[in-house]
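Only a predicted model underlies this, so the values are computations on that prediction, with no experimental measurement involved. By convention here, the first residue in the shown sequence is residue 1.
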Amino acid sequence: MDQDDPGEAMAELQDRHFGGLGILQVAAGTSLLAYAVWAGLLMPGFRKVPLRLQVPYVPASRKQVDNVMRLLQGRSGKMVDLGSGDGRIVLAAYRQGFCPVVGYELNPWLLQLSRFHAWRAGCAQKVSYQKKDLWKLHLLENKLLEELPNETRVISGRFPLPNWEPTATVGEGLDKVWAYDIGDIRQNMETRATAFLQGTPVI
């Protein structure tokens, strides 16, 4: 049989009858492959993340990227993607005119994939991807409020910020994204604090 002929190889495999040992070998090989994917691509981003905060990596769909860009329409300046995954939102933001654009990601494999995508798109010198453990910022909402100016818009994809009221939302299901304007968040918090001090019920 020609070793390079895939048709003949497939025919031979179809003619074979797998015994118990063969099935066990196939199952073991599949399990090993699944573990290799987990260990290489996913586990590095989970090691330092508290169990209750662990979120699996799911690539942003084209629709979700479009929804994020819709919520950023008409804006310019610096853009930062926290938990940038494979970097596709960073590239889309750069193409929409944001500069500088930085992606922060804990998983080293996803960082390399992001840089490859940027190189392939001809943007390797125009966007930046950095390794950063965002869970060290554990009170992320408080940190954003402390450091960002009022005109900043924060976008969250798939997982909304639990204690903030969104300014706008776009999409449904896995493609849904939430926009939070820092100025509005501060004003809402001040209103609630004043109402609480005056004994007014807060809805």
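Remark: R62 engages D66 in a salt bridge, criterion side-chain N to carboxylate O under 4.0 Å.
Here the shortest heavy-atom pairing between A60 and V65 reads CB-CG2, 4.0 Å. Taking every heavy atom of both residues into account, L106 and K131 meet most closely at O-CE, 3.4 Å.
Tracing side-chain contacts under 4.5 Å through hydrophobic residues (I, L, V, M, F, W, Y), one never reaches I182 starting from I155; they form parts of separate clusters. Cluster annotation: L145 is connected to L148 through the hydrophobic network of ILVMFWY side chains, with a link wherever side-chain heavy atoms come within less than 4.5 Å. Under the 4.5 Å side-chain contact rule for hydrophobic residues, V68 and V80 do not share a cluster. In this structure, L82 is not a member of the same hydrophobic cluster as M79, with clusters built from ILVMFWY side-chain heavy atoms closer than 4.5 Å. Y104 and Y180 fall within the same hydrophobic cluster, defined by Ile, Leu, Val, Met, Phe, Trp and Tyr side-chain heavy atoms under 4.5 Å apart, directly or through other members.
By the 4.5 Å heavy-atom criterion applied to side chains, V102 and V127 are not counted as neighbours. Looking at heavy atoms from C-beta onward, E105 lies out of side-chain contact with K132 at the 4.5 angstrom threshold.
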Identify each donor-acceptor pair in which a side-chain atom of residues 161-179 lies under 3.5 Å from a protein atom, sequence neighbours left out, and give them as a table.
residue: N163; atom: ND2; partner: E141; partner atom: OE1; Å: 3.1
residue: T167; atom: OG1; partner: D181; partner atom: N; Å: 3.0
residue: D175; atom: OD1; partner: S61; partner atom: OG; Å: 2.4

Cut-off 3.5 Å, no hydrogens considered: what does the side-chain donor-acceptor table look like for residues 112-125, sequence neighbours left out?
residue: S114; atom: OG; partner: G85; partner atom: O; Å: 2.9
residue: S114; atom: OG; partner: D86; partner atom: O; Å: 3.3
residue: S114; atom: OG; partner: G87; partner atom: N; Å: 3.3
residue: S114; atom: OG; partner: L110; partner atom: O; Å: 2.8
residue: R115; atom: NH2; partner: Y129; partner atom: O; Å: 2.7
residue: H117; atom: ND1; partner: D86; partner atom: O; Å: 3.2

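With rounding to the nearest 0.5 angstrom, the CD atom of Q96 is 11.5 Å from the CZ atom of R70. The CD1 atom of I185 sits 12.0 Å away from atom OG1 of T152, with the distance rounded to the nearest 0.5 Å.
Counted within 6.0 Å of CD on Q187, heavy atoms from surrounding residues, nucleotides or ligands total 12 or fewer; the atom is thus considered open. Environment of CZ in R75: crowded, with over 12 heavy atoms of neighbouring residues, nucleotides or ligands closer than 6.0 Å.
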Verdict with reasoning, R186 to E190, per salt bridge (Lys or Arg N to Asp or Glu O under 4.0 Å): CA-CA 6 Å; R186 287 195 177 110; E190 290 172 2; over 6 Å; no
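Geometric assessment of K126 against the ring of Y94 yields a negative cation-pi assignment under the 6.0 Å and 45° thresholds.
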